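To start, the structure under review is shown below, and the notes come after it.
First listed ligand is number 1; within each ligand, the first listed atom is number 1. Just so we're clear, the structure is a prediction, and the values are computed from it rather than from any experiment.
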Amino acid sequence: MKFTVLGSGGCAVIPKPLCRCRICTQAREKGGPFERGGPAAFVHDENILIDTPAEICRQLNQSRIDTVSHLMLTHLDPDHMEGFRVVEQMTIDFRTWEAYPDKTIRLVMPQQLLDTFRHVNTAYGSLVSFYEKSGFLRCEPFDRKTMIGGIQVTALPVDRGDQVVYIYVFEKNGCRAVYAPCDIKPFPEQDPAVQHPDVLFIQPGLFETGLRHGFVYPDDHISRKTLYTFEQTVALSRRIQAKQVVFIHLEEYWHRSFTDYRALEADFDNMVFAWDGMTLTINKRGK
Ligand SMILES: [Zn+2]
Ligand SMILES: [Zn+2]
């Protein structure tokens, strides 16, 4: 399986608009891997786009993606879906204001998440209903497992109380990739589906030191409810015996640059901090 991390940033992009911190200033000057757009990924084997942050149009162009057949959303927080209109932009034929028939995108989504998504409205009513009516997308809800071409996809819910977040497991030819970008606590680590992944895409969790303004997370900070700490995430990846770990959803407020992450990686032999456009191919186990 071949993956591209289209966007390696989190809730706030780098450079964050207006921000003059060291990280954002450097990103403006250097561009490239120092900049980070919102969280999105692409599975090349079946042209699956995962999540649609605000920057998704630019990200698809930068990574030279020329076909999107399927779309999956991990959850409905704005940093993962505010660029959803990319569906219209990719499919619309302005002669008819409907989709090119061969460009309709299959929205492959857990039924429970789709039920919630149908309630997301625009001034013209339900966003999903409008897109279906225009032929921009076709909904293909599933429960827990589905096949997308030659890839088996398993959806694991993370209960956040008022909203559910999904972790997706992609399997093909004995290879397993787990994609868990955001709000993944409590991680369903007892589920056999997440054990022994060839690659675990996961957010590193919050850092306790080196934050902007010298901020220290209090014990009762709201982020501790949805995020692990970096050390806890590393321990988690070892408990589920991930062969390789790719850290994604890297937040601006963690106040670390591309080179800072590179230095941190040196402490681990199987962990890498992603950058926008990073591509990774997973081969059959044992090879
Ligand atoms: Zn900044
Ligand atoms: Zn997020």
Side-chain angles (χ1 to χ4, degrees), residues 5-42 49-56 59 71-84 86 109-110 113 116-117 120 155-168 178-187 200-207 209-215 217 221-230 233 236 246-261 273-276:
V5 177
L6 298 174
S8 61
C11 293
V13 296
I14 301 174
K16 182 180 175 182
L18 315 183
C19 185
R20 294 185 182 191
C21 81
R22 174 178 67 88
I23 306 304
C24 293
T25 303
Q26 188 185 43
R28 265 179 223 112
E29 284 167 4
K30 295 194 171 186
F34 290 81
E35 294 178 316
R36 299 185 188 279
F42 190 74
L49 174 61
I50 312 170
D51 286 338
T52 57
E55 300 77 28
I56 191 63
Q59 292 170 340
L71 172 60
M72 303 188 75
L73 298 178
T74 55
H75 60 308
L76 301 176
D77 278 2
D79 55 325
H80 295 257
M81 58 80 66
E82 67 187 341
F84 188 77
V86 70
M109 218 171 183
L113 193 59
T116 307
F117 196 26
V120 173
L156 304 177
V158 179
D159 191 359
R160 269 182 22 179
D162 56 339
Q163 218 209 95
V164 102
V165 173
Y166 283 89
I167 292 169
Y168 292 124
V178 175
Y179 189 76
C182 186
D183 296 343
I184 51 166
K185 185 178 176 181
F187 190 92
L200 170 65
F201 295 94
I202 192 167
Q203 73 151 284
L206 52 89
F207 290 90
T209 60
L211 303 178
R212 197 165 174 222
H213 309 300
F215 180 68
Y217 281 100
H221 193 277
I222 187 168
S223 287
R224 291 193 190 275
K225 290 200 177 77
T226 55
L227 305 182
Y228 294 106
T229 64
F230 176 59
T233 308
L236 166 68
V246 177
F247 292 117
I248 51 176
H249 208 288
L250 306 176
E251 296 292 356
E252 186 268 347
Y253 58 80
W254 292 333
H255 207 52
R256 283 158 167 82
S257 73
F258 176 69
T259 42
D260 293 335
Y261 285 125
F273 288 84
W275 58 89
D276 290 16

Check: residues 5-14 side-chain donor-acceptor pairs under 3.5 Å, at least two apart:
from	atom 1	to	atom 2	distance (Å)
S8	OG	R36	NH1	2.9
S8	OG	D276	OD1	2.6

Vertex the Zn ion (ligand 2), rays to NE2 in H80 and SG in C182 - rounded to 10° |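 Between NE2 of H80 and SG of C182, at the Zn ion (ligand 2), the angle is about 100°.
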What angle, to the nearest 10°, do the atoms NE2 (H249) and OD2 (D79) form about the Zn ion (ligand 2)?
->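 It is 100°, given to the nearest 10°.
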Closest approach of K185 to L227 (non-hydrogen atoms, all atoms of both residues) =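 Minimum heavy-atom contact is CD-O, 3.5 Å.
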So which heavy atom on K16 is nearest to which on E252, and how close?
->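 Closest approach of K16 to E252, heavy atoms only: CD-OE1, 3.7 Å.
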Can H249 and D79 be counted as having a side-chain donor-acceptor contact under 3.5 angstrom?
->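 Yes.
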Apex the Zn ion (ligand 1) - arms SG from C24 and SG from C19 - angle rounded to 10° =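 That angle is 110°.
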Looking at the Zn ion (ligand 1), is one of the N, O or S atoms of C21 less than 2.8 Å from it?
->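 True for C21.
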Would you mind naming the N, O or S atom of E252 nearest to the Zn ion (ligand 1)?
->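 Sorting the N, O and S atoms of E252 by distance to the Zn ion (ligand 1) puts OE2 first.
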Plane angle bin for H221 and F215 - parallel if under 30°, tilted between 30 and 60°, otherwise perpendicular |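 F215 vs H221 ring planes: perpendicular.
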